[in-house]
Protein chains: 2
Amino acid sequence: MRRDVFQAIADPTRRAIITLIAVQAMTPNALAEHFDTSRQAISKHLRVLTECEMVKQEFQGREIYYQLEIEKMKEIDVWLDQFRKIMEDQFQRLDKVLYNLKTKKK
Amino acid sequence: MRRDVFQAIADPTRRAIITLIAVQAMTPNALAEHFDTSRQAISKHLRVLTECEMVKQEFQGREIYYQLEIEKMKEIDVWLDQFRKIMEDQFQRLDKVLYNLKTKKK
DNA sequence: ATTTTGAGAAATCAATTGGTTGCGCATATA
DNA sequence: TATATGCGCAACCAATTGATTTCTCAAAAT
């Protein structure tokens with residue numbers, strides 16, 4: 001079983017959960033109210049998120065508040081970095097082309 | 001069938017393919033040489049990537065060169081933006097706490 | 001003390017996934 | 001022209017996924 005950030009964000013419901021608990025901790029029931037699906041389904045998503053180490057739990061009586069481990073989102077950012085560099089390079093190459101066009105015109 | 005960027009990057013082999021064809025266009029066979037799996041398996045991944053509109057094809061005789069549609073990566077970046085804001089806010093709140101601690105000491 | 005409520009766990013199910021094998025077609029090469 | 005090569009496609013298979021239902025347990029509310 002693959003359990004990483006990329007797996008965590010692959011499912012749209014899970015992405016919505018992530019967005020919700022990024023701002024404030026929420027219980028499974030409170031979360032389920034935001035969706036068209038059962039509490040159990042949400043619970044399963046939360047389990048996946050837990051396995052991906054994307055959430056922290058806070059126990060309050062019989063309620064469990066889930067909050068996003070927001071640091072984990074940086075892993076995606078880090079992976080994206082390589083493409084940012086490539087995009088920059090492409091722009092620079094484009095700049096060069098435009099520059100050459102300009103100077104040739106003169 | 002879900003077909004979006006998040007689905008595309010969920011699989012590690014697909015992520016590796018994406019990284020490879022971000023720099024330069026490659027044929028399925030050339031790609032397959034980088035992995036422990038068959039040409040057909042890679043071909044299926046490329047089909048998924050095509051369905052996600054993550055690649056452009058360039059036909060050269062009987063060879064097909066695949067290259068990353070790098071603009072698509074921005075969609076991930078856009079989604080990540082919301083968390084950047086939250087992280088910033090958290091830092092600012094932390095700054096405030098630190099500031100209050102400082103001023104109280106004085 | 002009894003009932004209600006919040007939540008994880010297990011069993012089950014259909015759909016999807018990632019992979020394989022075999023095929024056919026078009027383009028190169030002999 | 002005959003053969004080899006690159007590639008997509010379909011059929012098939014085991015594993016995983018996302019969801020539902022049922023169950024149990026602990027904590028609140030009555």
Side-chain angles (χ1 to χ4, degrees), chain A residues 1-21 24-69 72 76 79, chain B residues 1-21 24-69 72 76 79:
Chain A
M1 256 176 287
R2 249 176 309 113
R3 286 297 177 246
D4 54 35
V5 201
F6 299 100
Q7 183 65 15
I9 65 166
D11 182 81
T13 307
R14 225 141 49 212
R15 280 202 300 284
I17 293 177
I18 287 173
T19 300
L20 284 167
I21 62 173
Q24 58 171 332
M26 290 177 80
T27 65
N29 263 327
L31 276 168
E33 278 171 24
H34 283 79
F35 301 93
D36 247 0
T37 166
S38 67
R39 202 252 320 156
Q40 275 83 351
I42 301 295
S43 215
K44 276 188 97 178
H45 281 304
L46 286 171
R47 191 150 70 115
V48 174
L49 290 176
T50 305
E51 284 165 7
C52 296
E53 298 179 306
M54 296 282 293
V55 292
K56 45 189 169 219
Q57 301 174 317
E58 199 184 307
F59 297 85
Q60 248 175 60
R62 68 181 164 182
E63 295 188 326
I64 303 176
Y65 283 85
Y66 287 86
Q67 183 152 22
L68 183 65
E69 199 74 73
K72 272 275 166 179
I76 310 168
W79 185 71
Chain B
M1 253 177 291
R2 248 175 311 115
R3 286 295 178 249
D4 55 35
V5 201
F6 300 99
Q7 182 66 14
I9 64 167
D11 182 83
T13 306
R14 224 138 53 210
R15 281 202 300 284
I17 292 177
I18 287 173
T19 301
L20 283 166
I21 62 174
Q24 58 171 331
M26 289 176 79
T27 66
N29 263 328
L31 276 168
E33 278 171 25
H34 283 79
F35 302 93
D36 247 0
T37 166
S38 67
R39 201 251 322 155
Q40 275 84 350
I42 301 296
S43 216
K44 275 190 97 178
H45 281 304
L46 286 171
R47 190 150 71 117
V48 174
L49 291 175
T50 305
E51 283 164 7
C52 295
E53 299 179 303
M54 296 283 293
V55 292
K56 46 189 167 218
Q57 301 175 316
E58 200 183 304
F59 297 84
Q60 248 175 61
R62 68 181 162 182
E63 295 187 326
I64 304 176
Y65 282 85
Y66 286 86
Q67 182 153 23
L68 184 65
E69 200 74 72
K72 272 275 166 180
I76 310 168
W79 186 72

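Note on naming: letters A, B, ... go to the chains in the order of the sequence lines (proteins, then strands), and numbering restarts at 1 for each one.
Distances were taken from every side-chain heavy atom of B:Asn29 (C-beta onward) to each of C:dT20, C:dG18, D:dC7; the shortest belongs to D:dC7. The side chain of A:Arg2 has C:dG18 as its nearest neighbour among C:dG8, C:dG18, C:dG6. Of the candidates C:dG6, D:dG8, D:dC7, the closest approach to any side-chain atom of B:Gln57 belongs to D:dG8. Residue A:Arg62 has its side chain nearest to D:dA28 when only D:dA28, C:dT16, C:dG19 are considered. The side chain of B:Ser43 has D:dG8 as its nearest neighbour among C:dA9, D:dG18, D:dG8. The side chain of B:Thr37 sits closest to C:dT20 out of C:dT20, D:dT20, C:dT17.
Position along DNA chain C of the nearest nucleotide to B:Ile42 versus B:Arg39 favours B:Ile42 as the more 5'-ward residue. Judged by closest nucleotide on DNA chain D, A:Gln40 is the one of A:Gln60 and A:Gln40 placed further toward the 5' end.
Here B:Thr27 reaches the OP1 or OP2 of D:dC7: one of its side-chain N or O atoms lies under 4.0 Å away. For B:His45, a side-chain nitrogen or oxygen approaches OP1 or OP2 of C:dG19 to under 4.0 Å. The shortest distance between the side-chain N/O atoms of A:Arg3 and the OP1/OP2 oxygens of D:dT17 is below 4.0 Å.
A:Tyr66 comes within 4.0 angstrom of sugar-phosphate atoms only, judged by non-hydrogen atoms across all strands, and of no base.
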Inset, instruction - Please lay out, stage by stage, how A:Asp11 and B:Arg2 fare under the test side chain to side chain contact (heavy atoms under 4.5 Å, CB included). - result: CA-CA 9 Å; A:Asp11 182 81; B:Arg2 248 175 311 115; 4.0 Å; yes
Inset, instruction - Walk me through it: do A:Arg15 and B:Asp4 pass the test salt bridge (Lys or Arg N to Asp or Glu O under 4.0 Å)? - result: CA-CA 13 Å; A:Arg15 280 202 300 284; B:Asp4 55 35; 3.7 Å; yes
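Counting to the nearest Å, the P atom of C:dT16 and the CZ atom of B:Phe6 are 21 Å from each other. Regarding B:Phe59, its CZ atom lies at a distance of 8 Å from the P atom of D:dG8, rounded to whole Å. In this structure, CZ of B:Arg47 is placed 14 Å from C1' of C:dT20, rounded to the nearest angstrom. With rounding to whole Å, A:Glu63 atom CD is found 19 Å from C:dT4 atom P. If you measure from atom CE of B:Met1 to atom C1' of D:dG18, you get 16 Å, rounded to the nearest angstrom. When rounded to the nearest whole Å, the span between CG of B:Leu31 and P of C:dG18 equals 16 Å. A straight line from NZ of A:Lys44 to C1' of C:dA9 spans 10 Å, rounded to a whole angstrom. Separating the CD1 atom of B:Ile64 from the P atom of C:dA28 is a distance of 12 Å, rounded to the nearest angstrom.
Atoms CZ and CZ, on A:Phe6 and B:Arg14 in that order, are 13.0 Å from each other to the nearest 0.5 Å.
Of all non-hydrogen atoms in A:Leu68 and A:Met54, the two that sit nearest each other are CD1-O, 3.3 Å. Of all heavy-atom pairs between B:Ile64 and B:Pro28, the closest is O-CD, 3.3 Å.
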